[in-house]
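For reference, the structure is listed below as structure tokens.
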Amino acid sequence: MALIHSTSSLADIAEKVEAGERLTFEDGLRLYQSNDILAIGKLADTVNRRMNHEIVYFVQNHRITPTNICAFHCNFCSFRRNGNEPDAFVRTPEEIVAHVQKQHSERTREFHIVGGLVPNLDVEYYAEMIRQLKAQSPNVHIKAFTAVEIDYMAQLSQLSWRETLQILRDAGLDALPGGGAEIFHPDVRRKICPEKVDGAGWLEIHGIAHELGLRTNATMLYGHIEKLEHRVDHLLRLREQQDRTGGFVTYIPLAFHPENNNLGRVRHLDWTTGFEDLRNLAVGRLLLDNFKHVKAYWISMTPRLAQVALSFGVSDVDGTVIEEDIYHAAGAKTEQGLSRSELVHLIQAAGRQPIERDALYNHIEVYSN
Ligand code: V47
């Protein structure tokens with residue numbers, strides 16, 4: 001039986017999906033332009049079930065923010081400080097380790113570390129932070145530093161991207177998070193984050209990380225000034241990089257949050273809608289045929305919508321996410337952290353099989369469904 005009705009305007013795309021054929025730029029655009037969200041969801045769910053069956057992953061993880069001071073001025077960011085505000089901070093590796101020791105549980109399996117760009121913090125500060133965290137918590141994977149941070153520390157330390165990544169890997173880095181990707185297309189990138197490494201550089205840094213044996217993630221910041229063409233372009237650039245180096249594990253679309261930042265204020269931008277969030281996840285699942293996982297980031301889209309997203313191509317709901325800063329600064333109303341049992345319930349109640357994982361998707365515990 002056909003996946004969607006033969007009279008649907010998406011019937012030719014459905015045939016390609018059924019046959020496992022790669023979708024084109026034009027297909028991606030048509031999917032984004034279609035309001036037939038159930039058909040798109042069905043296609044994405046089919047692809048996801050082929051790859052991940054009933055399984056939905058989560059991890060017990062903890063956010064670490066070394067600093068909120070940032071030399072860059074991305075206009076979507078609500079988190080950065082110049083350095084002279086009362087709430088600006090830089091934490092030493094010792095302070096970070098002492099803080100984490102108080103907070104994290106026996107079952108924590110991932111530290112997700114991302115922060116601002118500070119002109120006197122070179123690669124040695126970051127390598128020392130990793131060494132100390134690994135010494136204290138050898139069972140916890142370290143997923144740290146976006147490609148933008150890698151580029152900035154390489155410049156400060158007068159090292160190549162490869163040398164910088166090698167130093168961090170030798171210190172114990174396990175994986176790179178997907179942040180800093182935003183929108184690769186230069187027409188958008190130069191308006192929202194002109195100081196960041198460009199799209200080609202972001203992709204090259206991830207490619208080098210893959211060659212060094214590090215797994216990485218990829219994000220896309222959507223729902224601001226980008227057009228649908230820019231989203232498709234972004235996804236296809238990720239797909240091409242994955243064809244070249246193969247080390248991306250998970251794609252995470254990030255919905256723009258408009259509070260407390262210039263982009264939201266000046267352009268009077270609104271929040272994305274649930275419809276858009278689901279369609280965007282599903283289109284990502286369909287275009288990124290060489291990515292194993294698509295993640296619904298409940299912090300930004302709420303746990304309730306993240307649960308519905310499990311029928312729209314999603315195989316990962318991130319994790320407990322203790323101590324998140326970036327989204328809460330930009331107006332996220334979601335709670336600070338979900339418990340393991342809440343995540344298990346959310347997945348089971350959608351008829352799926354929860355598996356608790358580490359940062360590299362090794363199984364920690366398999367739950368009933
Ligand atoms: O790159 C910043 C985004 C990203 C806003 O790899 C904003 O598993 C919305 O990358 N509204 C950092 N988004 C977060 C990130 C991430 C999140 C979850 C999981 C993973 C992973 C990575 O946050 C930034 C930027 O795209 N961001 N400000 C805002 N106002």
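Order of listing sets the numbers, starting from 1, for every ligand and every atom in it.
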Taking only non-hydrogen atoms of V114, do any sit less than 4.0 angstrom from ligand 1? no
Check whether any heavy atom of K143 sits under 4.0 Å from an atom of ligand 1. yes
Give me the nearest non-hydrogen protein atom to [atom] as residue plus atom name, then the distance to 0.1 Å.
atom: atom 30 (N) of ligand 1; result: F76 O, 2.8 Å
atom: atom 15 (C) of ligand 1; result: L254 CD1, 3.8 Å
atom: atom 3 (C) of ligand 1; result: Y327 OH, 3.5 Å
atom: atom 19 (C) of ligand 1; result: D318 OD2, 3.6 Å
atom: atom 6 (O) of ligand 1; result: G178 N, 2.8 Å
atom: atom 12 (C) of ligand 1; result: I326 CD1, 4.1 Å
atom: atom 10 (O) of ligand 1; result: G179 CA, 2.9 Å
atom: atom 25 (C) of ligand 1; result: E182 OE1, 3.3 Å

Please confirm whether R30 makes a cation-pi placement over Y32, using NZ or CZ under 6.0 Å from the six-membered ring centre and within 45° of the ring normal.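 Checked: cation-pi criterion not met.
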For [X], the ligand 1 atoms whose distance to one of its heavy atoms is below 4.0 Å:
X: I252; answer: 6 (O), 8 (O), 20 (C), 21 (C)
X: L221; answer: 7 (C), 9 (C), 13 (N), 26 (O)
X: N217; answer: 6 (O), 8 (O), 21 (C)
X: F256; answer: 9 (C), 11 (N), 30 (N)
X: N261; answer: 30 (N)

Would you check the N or O atoms of [X], main chain and side chain alike, for any that come under 3.5 Å of an N or O of ligand 1?
X: Y297; result: no
X: H257; result: yes
X: H112; result: no
X: A181; result: no
X: P177; result: no
X: R63; result: no
X: G180; result: yes

If the plane angle is over 60° it's perpendicular, under 30° parallel, otherwise tilted; pick one for Y152 and F72.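 Y152 and F72: perpendicular rings.
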Specify whether H210 and H206 have parallel, tilted or perpendicular ring planes, treating 30° as the upper limit for parallel and 60° as the lower limit for perpendicular. perpendicular
Is there a donor in the side chain of [X] and an acceptor in the side chain of [Y], or the other way round, less than 3.5 Å apart?
X: S78; Y: N261; result: yes
X: E163; Y: S160; result: yes
X: D170; Y: Q166; result: no
X: Y367; Y: R340; result: yes
X: Q132; Y: E94; result: yes
X: T65; Y: D325; result: yes
X: Y57; Y: H363; result: yes

Heavy atom to atom 9 (C) of ligand 1, shortest distance: which of A255, G264, A330 holds it?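 Result: the heavy atom closest to atom 9 (C) of ligand 1 is in A255.
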Using the test side-chain hydrogen bond (donor to acceptor under 3.5 Å, both in side chains), find all partners of H62 that sit at least two apart in sequence or belong to another chain. E323
Less than 3.5 Å apart, which donor and acceptor atoms pair up between the side chains of residues 140-150 and the rest of the protein, not counting sequence neighbours?
from: H141; atom 1: ND1; to: A359; atom 2: N; distance (Å): 3.3
from: K143; atom 1: NZ; to: E110; atom 2: OE2; distance (Å): 3.3
from: K143; atom 1: NZ; to: H112; atom 2: ND1; distance (Å): 3.2
from: T146; atom 1: OG1; to: V148; atom 2: N; distance (Å): 3.3
from: T146; atom 1: OG1; to: E149; atom 2: N; distance (Å): 3.3
from: T146; atom 1: OG1; to: E149; atom 2: OE1; distance (Å): 3.3
from: E149; atom 1: OE1; to: T146; atom 2: N; distance (Å): 2.8
from: E149; atom 1: OE2; to: G115; atom 2: N; distance (Å): 3.0

Which residue in the set R231, H234, H224 passes side chain to side chain contact (heavy atoms under 4.5 Å, CB included) when paired with V188? H224
Which of these, T108, D358, T320, sits in a side chain to side chain contact (heavy atoms under 4.5 Å, CB included) with N61? T320
